[in-house]
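To keep things clear, I will list the structure first and then write my remarks on it.
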Amino acid sequence: MSKTALRQATREALANASVCSALGRFADNYVIAREQAYRHKDFEGLRREVARIKREAAERMEELADQFTREATRRGATVFRAATAQDAREYIARLARSRGIKTIVKSKSMASEEIHLNEYLKEQGLDAVETDLGEWIIQLSSQRPSHMVMPAIHLSRNEVAEIFSKEIGEPVEPDISSMVKLARRELRKKFLSAWMGISGGNIAVAETGTIVMVTNEGNGRLTTTLPPVHVIIVGLEKLVPRFTDVAPILEVLPRSATAQHITTYVTMITGAVPAVDPDGNYHEKKELHIILLDNGRTRMAGDPVFKEALQCVRCAACLNVCPIYQLVGGVFGDVYTGGIGTVLTAFFTDPQKAQQVQNLCLGCERCRDYCSGNIDLPGLIGELRRRTVEKEGMSYVQRVIFEKVLVNRGVFHRLLKAASRLQKPFTREGKIRHLPLFLAGLTEGRSLPAIAEIPFRERVDRLPRPGRVTDRVAFFSGCLVDFVYPGIGESVAKVLASLGFEMLCPEGQTCCGYPARQVGLTDSFAELARQNIAAFENINAGYVLTACPTCAEALKFLYPQLLADDPVWSKRARALAEKVTDFSSFVFAHREKLVPFMIPLKQKVTYHDSCHLKRRLRVTGEPRQLLIDAGAELVEMTPADLCCGFGGSYSIKFPELSRSVLDRKLQAVLGSGAEVVALDCPGCQMQISGGLDHERRPMRVMHTAEILASCLAGTAQAQDGKNN
Amino acid sequence: MAINKAVLPDTDRNLEKLYEEFVTRARALGAEVYRVPNLAQARELVGRLIQEMGVRKVALAESPLVTALDLATAVAGAGAEVTGGNPRERAEAADLGISSFEMAIAETGTLVQDATEINRRLVSMLPPVHLALVPTNRLVGTLQEAINSLAARGQIPGYLAFVSGPSRTADIERVLTIGVHGPGKVVIIFVDGGGSAGE
Ligand code: SF4
């Protein structure tokens, strides 16, 4: 898939109202319902347990596969180890042919989707009917599932009615309950006449040779009960060592997948059991075949980074909370979709496609908090990106920007200054509303702030200073504060001054490098990291403050990771990381000194949780308390932690998507009834204020530092910081 | 059916709590739950439910509890008949399937059955209504406890069925719809003293 094709597909998905509305509706309810399903449960503890079990299983994959084979065989099953998708498909077709079987029923199995079984069986003249309602709909309309758990979520009832009426050759009313009855009736016939059933499995227990399946409709139970031949396709990553390992997985899977405490049916099959065939003959033991599918899993287990993906239990929570998946559905992926889908696609189905699809990740990191397998998905996608760039390279222009311009402070700053002059014709009231030519996408549905005439770095000599210096704090400004919102930096200085802190701004600092990392240029990222570490090393201050959570994430978490293997730099990176903190957390720790000086704000303020602040720095309560301290009337928007869609260079690559995510955010913001939106991230500030400006909404968007500074009129000794 | 707790002297407090929890969960899932103090009343209740639901044809899966209840007589007494033919035909022709379960999990409203025997699977899946009998003293608190107790048994049965409420789907527009492939109605009767029926 080419980049253009991908962008085209995302546009089409955005234009398809039923994808957006069904997914969006589900997603909004999902978070709340899931929360309830986990009440009285320790999600963190459970997922750590699941991760531990699955990690052990991935490390012992081969041994467990052998043990499983032995045990299941002892109980009367035939186990086949399929190295590739082709092996698995052929085995099934051969089996059907040798038993003279023509009619097959299937219950939902992602592994069978992965090996494109249906198409293959059809080519072989075999009639395999999907019996999960969603899968059946998908099969009848010759589509592919858009979601691991809810395959037909992108279709409306009207579309389903049309699909059904084509199938049965008479008109069908778009009434859900009668369509479900129709499916029961039609599929019951298939069940009763089928000689082979094919199912997947959610867990495979090595110790006992047991396959565990979770289903709601009951088609899984019929598939595994009626036909006298049963084939189970299960990926090697579903193996767990012990029978008791089933419990924690069963606790998280339904809760995370559909916010159920448990699915209607949980079926555990251990070996061959009795059956009665369609002719009414009793079989003491049916034929049970279990296909253990490799198809890239051993390779994944051997990969030092991606083996973590084997901890996945396929709950699809990462899809359900993904702002991009909610907008485009199945376009985000291949057979497997969403964040984890991108990684699985790279290993199991279509590495080429994965290279394009990984671009769709916005980097909001929300999925990490919800993952039942405790997987660092954003980290894995970042690694995928890095490897893609390493292998495929990137466009010449991009390379020049990142490898030549960004890492060279002088050139970078001169360029931005030039840009500040060049943008003049497009600027009005400090905002850019239209850009020419290929840059137009950037201002599609969103105004951009103009680049500041005087960057923050040239204002440091005139920053507010405390009357009496009690201590010093170093400030890392980052590009957005430096060149777009210097006023934030000045506000930080003012607040610090009133607390008695002098703010030091080391000269050698430069871009944190996050954008380079985002496009997969690790070398440029490391170069910038080293420049910044060196710049702050000799500063006499106990803390390094940032007013940008993305910079904080880079300095505090990513530098030590990035330089971990470098004996000299890893120590220096860790020394810097320890000192880094975000503005609100720092001020929160000293708030009792601040409160007496503040003139109450007396305005309705709503707070936007920036992704990196909440998900990486774990800061949510501190800024809110500071706003309350400042006399604001805090009104929550729902959801407060929905991504704004900025995502750095993402808004350049996929302006439509970025804009659609922003639309959902603006709805939440405007719905709060607040006069001011407070936040702690200049990137979000740019995105949200740009969106509001474009809609001509007069609401103000301010960094928490700016709000606090505005309540401190006259307390600091130097002149007021003003934006721009 | 309301139970007068005073007539249940030997059920301990913990069991009562588990039962309450089970009822809350199972009803939330859409199951009907009853409890009877002894086998005789269980038989009587089955007969009455058959009449109330207007059931004509019943499929039974034998088990010590089902045998002890002499359900064939109860079915006939309620004016319905037990279906005939091979096991598939018996289950497919019935309006109601009856089988017994060995364990109940309070926290999730789940029933657990060793369904290795084919009739149990057929009568609990093919008819539109399923009536599940379970000895009250087989209630456990959590899923974890249930799994642990199964693991401790040694050999895991060939086919274990965990059932929580009626069959459901939300595959069209995420609208919850009951009774897609399995029974659309699940009636559960807890039988006090049912555990001594040789189960
Ligand atoms: S990656 Fe995590 S959240 Fe996503 S499907 Fe797998 S277990 Fe669930």
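Source: prediction; values computed, not measured.
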State the [atom1]-[atom2] distance between [X] and [Y], to the nearest 0.5 angstrom.
X	Y	atom1	atom2	value
A/Thr264	B/Arg168	OG1	CZ	5.0 Å
B/His181	A/Leu187	NE2	CG	5.0 Å
A/Ile137	B/Ile172	CD1	CD1	4.5 Å
B/Ile156	A/Thr270	CD1	OG1	6.0 Å
A/Arg74	B/Gln155	CZ	CD	6.0 Å
A/Lys108	B/Asp171	NZ	CG	8.5 Å

(message) Is there a side chain to side chain contact (heavy atoms under 4.5 Å, CB included) between A/Tyr265 and B/Ser164? Walk through the geometry before answering.
(response) CA-CA 6 Å; A/Tyr265 304 107; B/Ser164 313; over 6 Å; no

(message) Whether the side chain of B/Arg88 engages the backbone of A/Leu192 through a donor-acceptor N/O pair (distance < 3.5 Å, no angle test) should be reported.
(response) yes

(message) Keeping B/Glu173 on the side-chain end and A/Arg157 on the backbone end, is there a donor-acceptor pair under 3.5 Å?
(response) yes

Counting only non-hydrogen atoms closer than 4.5 Å, does [X] touch chain A with its backbone (N, CA, C, O), its side chain (CB onward), both, or neither?
X	value
B/Leu126	both
B/Glu92	side chain
B/Pro166	backbone
B/Thr169	both
B/Asn86	side chain
B/Thr177	side chain

At a heavy-atom separation under 4.5 Å, does [X] approach chain B through its side chain, its backbone, both, or neither?
X	value
A/Leu226	both
A/Glu207	neither
A/Asp277	backbone
A/Met213	neither
A/Val276	both
A/Thr208	side chain

(request) Go through the side-chain N and O atoms of B/Arg25 and A/His261 and say whether any donor and acceptor fall under 3.5 Å apart. (result) yes

(message) Looking only at the side chains, is there a donor atom on one of B/Tyr159 and A/Thr224 sitting less than 3.5 Å from an acceptor on the other?
(response) yes

(request) State which residues pass salt bridge (charged side-chain N to carboxylate O under 4.0 Å, His left out) with B/Glu117; sequence neighbours excluded, sorted by chain then number. (result) none

(message) Among residues at least two apart in sequence or on other chains, which ones pass ring-ring contact (aromatic ring centres under 6.0 Å, His included) with B/Phe190?
(response) B/Tyr19, B/Phe22

Any non-hydrogen side-chain atom of [X] less than 4.5 Å from a side-chain atom of [Y]?
X	Y	answer
B/Leu122	A/Thr225	yes
A/Lys41	B/Glu107	yes
B/Phe162	A/Val214	no

(message) Does A/Glu173 have more than 12 heavy atoms from other residues, nucleotides or ligands lying within 6.0 Å of its CD?
(response) no

(message) Using a 6.0 Å cut-off, check whether atom NZ of A/Lys190 has over 12 heavy atoms from anything other than its own residue.
(response) no

(message) Tell me which of these, A/Asn216, A/Ile269, A/Thr267, has more heavy-atom pairs under 4.5 Å with chain B than the rest.
(response) A/Asn216

(request) Could you tell me which of A/Ala275, A/Gly218, A/Pro274 has the largest number of non-hydrogen atom pairs under 4.5 Å with chain B? (result) A/Pro274

(request) Sort by residue number and list every member of residues 141-154 of chain B having a non-hydrogen atom under 4.5 Å from chain A. (result) B/Leu143, B/Gln144, B/Ile147, B/Asn148, B/Leu150, B/Ala151

(message) Can you list everything that forms a side-chain hydrogen bond (donor to acceptor under 3.5 Å, both in side chains) with A/Ser199? Sequence neighbours excluded, please.
(response) A/His230

(message) Run the side-chain hydrogen bond (donor to acceptor under 3.5 Å, both in side chains) test on A/Arg221 and B/Ser124 for me, step by step, so that the C-alpha distance in whole Å, both residues' side-chain angles and the decisive distance to 0.1 Å come before the verdict.
(response) CA-CA 10 Å; A/Arg221 286 198 58 190; B/Ser124 62; 3.3 Å; yes

